[in-house]
Amino acid sequence: MSEISHILPLSKPKEGISRTGTWRLKKPVIDHSKCVKCMMCWLHCPESTIDVVESSDKFVEVNYDFCKGCGVCANVCPVKAISMVPEG
Amino acid sequence: MKLVVMHLTGNYAVAWAVKLSRVKVVSAYPITPQTTIVEKISEFVESGMMDAKIVRVESEHSALATVFGAASSGVRAFTATSSHGLMYMYEMVWWSAGARVPIVMAIVTRTIGAPWNIWSDHSDFMSQRDTGWLMMFAEHNQEVLDSVIQLFRISEDPRVYLPGMIALDAFILSHTTEPVDIPDQSLVDSFLPGRRQPYTFKSGDPITMGNLPSNPRDNMRMRWDVHKSLVAAKKVITEVDREWSKLTGRSYGGLIECYMCSDAKYFIIGAGAWVGDMREAVDMLRSEGYEVGLIKLRFVRPFPAEELAEVMRGGKGAIVFDRSVSAGSAGPLYLDTVAHLGALNVEVPVKNVIAGIAGVDVTYNDIASVVRSFIEEIESKGVVSNYVEWYFR
């Protein structure tokens, strides 16, 4: 039987086109010296803009191209390592 | 071949076929007259005769969503419903066809309210005809069992990759016992290959199904592909019927089955359990000298247009019996039949008889009397005066 290809409603996830970081009024800034690597910020970020980079000293980094500045990460951080700093 | 014959209701025949097809996930919500299908499957699972997971849900919408989810992740999955349950499921019926996920669903046909009524007509089933599912009818309980197994095979064929539903008439089949041959598990295993589907959701390989297309043209092409695949399914259906016949000795003709058609001038066209009564009517009319044949529509999606045209070309007239109606127009089987015959230049007068709605009993005597007056009208006047007739006994 020859290969049959159908037109399927599938897509692969990739980084978005819209830079939603420009919407931000306050910016989360991480104090890496306080971070306990619990990954609560990574888990709770509604936009998946917190990347865990295990090999890096920083461990967690915010992707500011897409972070909308909602502050959920700062709120859930158990050691208050994230502060919301007004933009610009 | 060793015959293992058991006395099964139509619903138990479905359950046996699901077990033989090695279905892994079943989810359903109880509704008369479907319920005993899933009750029987639950017994199989509970007693260890069947290795499957039964997922209890709070509605039919969730039942099909569950089955769709299970099937998307790579297992054979099954559900069954009737009437209002199918209405409640309607959104997911479209969604699973658009997603191209092979699923099999049994519809124990039951009329739709208001008023409340549990008896058989085809209103629930026929209302699904635009969804993109394979749609077939069974005439008797052996055909129910054989067809459920065949439908898994057709649905999972790479040329098709669409879900399929099979209609069995409430009570007339669903709760009536008939002798049914249960094929050997090894025979079914040889007929049904391992699960095939166009994509599978797996952890570690994220894909999204059903996102907004960036261009509606892509969306239109997806719908076109559903249509093309249903048309392509005709060949698959015929092949599958032939192969099943080699294994079991039982053939149902694939898309349509003809009875006494070769020399017939007039045709009775119907689908579902009352095709059995139509056979009796043909025998009776033949003994009276009428040149009548019967065309059983086994599949209504894909619609067997060319197959009907081939049989009916040169005929003098036909009656399509519909057990549902597109209110304000005519019976759905009739509408499909006349549209395609007309386009294929088959110039045969076709009459529509709407009967058996809401479970009104229709006997072979009724069918024969309708056919007799139709033939007499054509022979004497050459035209059909009342082309959509509501038949009340």
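Residue numbers start from 1 in every chain, and the chains themselves are labelled A, B, ... in the order their sequence lines are given, proteins ahead of strands. Excluded from the calculations below are hydrogen atoms, water molecules and symmetry mates; all remaining heavy atoms, backbone and side chain alike, are included.
- Between A:Pro9 and B:Ala99, the closest heavy-atom pair is CG-CA, 4.1 Å.
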Anything under 3.5 Å between a donor and an acceptor, one on a side chain of residues 147-155 of chain B, the other on a protein residue two or more places apart or in another chain? List them.
| residue | atom | partner | partner atom | Å |
| --- | --- | --- | --- | --- |
| B:Ser147 | OG | B:Glu143 | O | 2.6 |
| B:Ser147 | OG | B:Arg298 | NH2 | 3.1 |
| B:Gln150 | OE1 | B:Arg298 | NH2 | 2.9 |
| B:Arg153 | NH1 | B:Phe191 | O | 2.8 |
| B:Arg153 | NH1 | B:Glu243 | OE1 | 3.4 |
| B:Arg153 | NH1 | B:Glu243 | OE2 | 3.3 |
| B:Arg153 | NH2 | B:Glu243 | OE1 | 2.8 |
| B:Ser155 | OG | B:Ile103 | N | 3.4 |
| B:Ser155 | OG | B:Leu162 | O | 2.7 |

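- Of residues 200-217 of chain B, those residues lying under 4.5 Å from chain A by any heavy-atom pair are B:Asp205, B:Pro206, B:Ile207, B:Thr208, B:Met209, B:Gly210, B:Asn211.
- More than 12 heavy atoms of other residues, nucleotides or ligands lie within 6.0 Å of NE2 in A:His32, so this atom counts as buried by the packing criterion.
- A:His6 contributes a side-chain N or O that, together with a main-chain N or O of B:Pro158, makes up a donor-acceptor pair within less than 3.5 Å.
- Atom CE of B:Met220 has 12 or fewer heavy atoms from other residues, nucleotides or ligands within 6.0 Å.
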Run the side-chain donor-acceptor check on residues 77-88 of chain A: report pairs under 3.5 Å with partners two or more places apart or on a different chain.
| residue | atom | partner | partner atom | Å |
| --- | --- | --- | --- | --- |
| A:Glu87 | OE2 | A:Arg24 | NE | 2.6 |
| A:Glu87 | OE2 | A:Arg24 | NH2 | 3.1 |

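- For the side chain to side chain contact (heavy atoms under 4.5 Å, CB included) test, residues two or more places apart in sequence or in another chain that qualify with B:Arg221 are A:Ile7, B:Trp224.
- Remark: A:Leu10 CG is packed, more than 12 non-hydrogen atoms of other residues, nucleotides or ligands lying under 6.0 Å away.
- Proximity to chain A is limited to the backbone of B:Val160, based on heavy atoms less than 4.5 angstrom apart.
- With a 6.0 Å radius and a threshold of 12 heavy atoms from other residues, nucleotides or ligands, B:Lys228 has its NZ atom above the threshold.
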